[in-house]
Amino acid sequence: MKKQMFLSFVVVALCLSTEAHTKGEKKTIDVAVTSNGFEPNVLEVKPGTHVVLNVTRKVEKTCATDIQVPSKNIKVALKEMNKAYPVDLGHVEKGEIKFGCGMDMMLGGQILAK
């Protein structure tokens with residue numbers, strides 16, 4: 001009986017460990033909207049990472065009063081200056097994800113999952 005309980009515990013622990021590894025880590029990255037655009041504008045993460053961008057608009061005059069991530073169908077209004085807005089991208093696959101202002105006029109950025 002004790003042996004079965006121990007084996008059950010080991011199996012559950014291995015399943016949880018595998019699930020955590022499969023889902024990847026969660027990474028929050030601070031991004032600022034400045035007169036130079038999005039800074040930093042190139043972000044590198046491991047494939048499978050759950051990415052959340054904390055985007056803060058630091059300038060009044062900009063077309064980046066929104067941030068959009070077309071491949072994820074995400075658009076978030078950056079209404080207030082100096083306030084961080086979370087942009088949850090979920091788990092990213094290997095490759096490149098582009099982001100930019102809501103009007104596609106401002107120099108945007110990219111997330112490289114490699």
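- Going from atom NZ of Lys98 over to atom NZ of Lys72 covers 16.0 Å, rounded to the nearest 0.5 Å.
- Annotation: the span from Leu112 atom CG to Lys46 atom NZ amounts to 15.5 Å, rounded to 0.5 Å.
- His50 pairs with exactly one of Thr28, Val92, Leu89, Asp88 by the side chain to side chain contact (heavy atoms under 4.5 Å, CB included) rule, that one being Asp88.
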Step by step, would you call Ile97 with Val51 a side chain to side chain contact (heavy atoms under 4.5 Å, CB included)?
-> CA-CA 11 Å; Ile97 298 173; Val51 176; over 6 Å; no
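- Around CD of Glu93, the count of heavy atoms belonging to other residues, nucleotides or ligands within 6.0 Å does not exceed 12.
- For the atom pair Tyr85 OH and Thr56 OG1, the distance stands at 9.5 Å (nearest 0.5 Å).
- Residues passing the side-chain hydrogen bond (donor to acceptor under 3.5 Å, both in side chains) test with Glu39, sequence neighbours excluded: Thr34.
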Check step by step if side chain to side chain contact (heavy atoms under 4.5 Å, CB included) holds for Ile67 and Phe38.
-> CA-CA 10 Å; Ile67 181 173; Phe38 291 92; 3.8 Å; yes
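- Between Asn54 and Ala84, the shortest heavy-atom distance links the atoms CB-CB, 4.4 Å.
- Once rounded to the nearest 0.5 Å, the distance linking CD of Glu44 with CD1 of Ile29 reads 10.0 Å.
- The side-chain heavy atoms of Phe99 and Val55, taken from C-beta on, include no pair separated by under 4.5 Å.
- Side-chain contact check for Val45 versus Glu25: every heavy-atom pair is 4.5 Å or farther apart.
- Of the inter-residue distances, the one linking Leu78 atom CG with Asp66 atom CG reads 6.5 Å to the nearest 0.5 angstrom.
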In sequence, state the C-alpha distance, the side-chain angles, and the governing distance for Leu53 and Ile111, and then conclude on side chain to side chain contact (heavy atoms under 4.5 Å, CB included).
-> CA-CA 10 Å; Leu53 304 179; Ile111 300 162; 4.3 Å; yes
Stepwise side chain to side chain contact (heavy atoms under 4.5 Å, CB included) test for Asn82 and Lys58 = CA-CA 6 Å; Asn82 300 312; Lys58 304 266 184 178; 3.9 Å; yes
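- When all heavy atoms are compared, the tightest approach of Cys101 to Gln68 is O-NE2, 3.0 Å.
- Here the straight-line distance linking atom NZ of Lys79 with atom CZ of Arg57 works out to 11.5 Å at 0.5 Å rounding.
- By the 4.5 Å heavy-atom criterion applied to side chains, Val52 and Lys27 are not counted as neighbours.
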